[in-house]
Amino acid sequence: MTGAPPLCLTVAGSDSGGGAGIQADLKTMMALGVHGMSVVTAVTAQNSLGVRGAWELPAEAVTAQYRAVVDDIGVRAVKTGMLSSAVLVETVAALLAGTDAPAVVDPVGVSKHGDALLAASALDAVRKELLPRATVATPNLDEVAQLTGLAVRSEDDMRRAADAILGYGPRWALIKGGHLAAHGDEAVDLLTDGTEERWLRAPRYDNRHTHGTGCTLASAIAAGLAKGLAVPDAVAAAKEYVTGAIAAGFALGGGIGPVDHAWQYR
Ligand SMILES: Nc1ncnc2c1ncn2[C@@H]1O[C@H](COP(=O)(O)OP(=O)(O)OP(=O)(O)O)[C@@H](O)[C@H]1O
Ligand SMILES: Cc1ncc(COP(=O)(O)O)c(N)n1
């Protein structure tokens, strides 16, 4: 018998198409050698063309899943994604407050297709309840705009965005500049804790099949933290993993296909 791999929990929505959400998180965790566990917050009917419908679970069901995992099995790191409503944001923030493990908070707002995955009325709870519980918060530029009102067009703007996000209380902010025109042929992210500043640069792949990039990056960071990596090392390894997965993203259905979570094994 061998020992259990590091334990990693995702708290997120289900994507029936298998490219984002819980499905992306569990595939990422498996690819990176940790044991993935899940708390489903909402079920989406989703494919390569968009989100056809979303159904939130009751707060009681979210709490029960989380407690079932944490009370018996335990966790070394938690990742949060789609939380849907203010009630679920508050519920999950309270659960994180009672857990020692580091938390990667991906403040998912809208899908690549522009479908809302978080109610506008939940933004305040994200700012005041959830972000203060985050070890790393990973907003993309749309989420930065939603949460802080800042429009990011340059690397200096990314610094301002990081300061504004850190103002809500996460230990580290990772500002994802994946689609920033100013970066040309690079996909550049900024990681900072307000003292240390690290720019993560990778080639930008001209591949439209990028469904699930944000979920994949955040759960890869959580996998690294579960293995005991320090935040900058976990983020650097996760950036490398997501970049490979984007390069290998493949067509599926008639719209935007997923990144390839198993790219390292093909
Ligand atoms: N075409 C691409 N090629 C390489 N890396 C990318 C590409 N698009 C995004 N990334 C990277 O993928 C990771 C996840 O990015 P994510 O999709 O969440 O945010 P974004 O691309 O910055 O914003 P948005 O999804 O709002 O356009 C980040 O590290 C980002 O830099
Ligand atoms: C359940 C769920 N969670 C998150 C995303 C965001 O992923 P993307 O921005 O790649 O569409 C999604 N589409 N669905």
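Remember, it's 1-based here, ligands and their atoms both numbered in the order they're listed.
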Checking side-chain polar atoms at under 3.5 Å, does [X] have a donor or acceptor matched by the opposite partner on [Y]?
X    : Y    : result
E56  : T41  : no
T44  : D15  : no
T192 : E197 : no
Y66  : T99  : yes
H261 : T216 : yes

* Structure fact -> For R67, the salt bridge (charged side-chain N to carboxylate O under 4.0 Å, His left out) test, sequence neighbours excluded, returns D71
* **Counterpart residues, salt bridge (charged side-chain N to carboxylate O under 4.0 Å, His left out), relative to K112 (two or more places apart)** => none
* Could you go step by step and tell me if L147 and L123 meet the side-chain contact (heavy atoms from CB on, under 4.5 Å) rule? -> CA-CA 7 Å; L147 290 166; L123 285 173; 3.8 Å; yes
Once you restrict both partners to nitrogen or oxygen, which atoms of ligand 2 have a protein partner under 3.5 Å, and how far apart are they?
residue, atom, partner, partner atom, Å
ligand 2, 10 (O), K112, NZ, 3.4
ligand 2, 10 (O), G212, N, 2.7
ligand 2, 11 (O), K112, N, 3.0
ligand 2, 11 (O), H211, ND1, 3.4
ligand 2, 13 (N), Q46, OE1, 2.7
ligand 2, 14 (N), Q46, NE2, 3.2

* Residues in the immediate environment of ligand 1 (any heavy atom closer than 4.0 angstrom) -> K112, N140, D142, K176, G177, G178, H179, A187, D189, P203, R204, Y205, T213, G214, L217, K239, I246
* Taking the side chain as every heavy atom from C-beta outward, state whether H211 and Q46 have any pair of such atoms under 4.5 Å apart. => yes
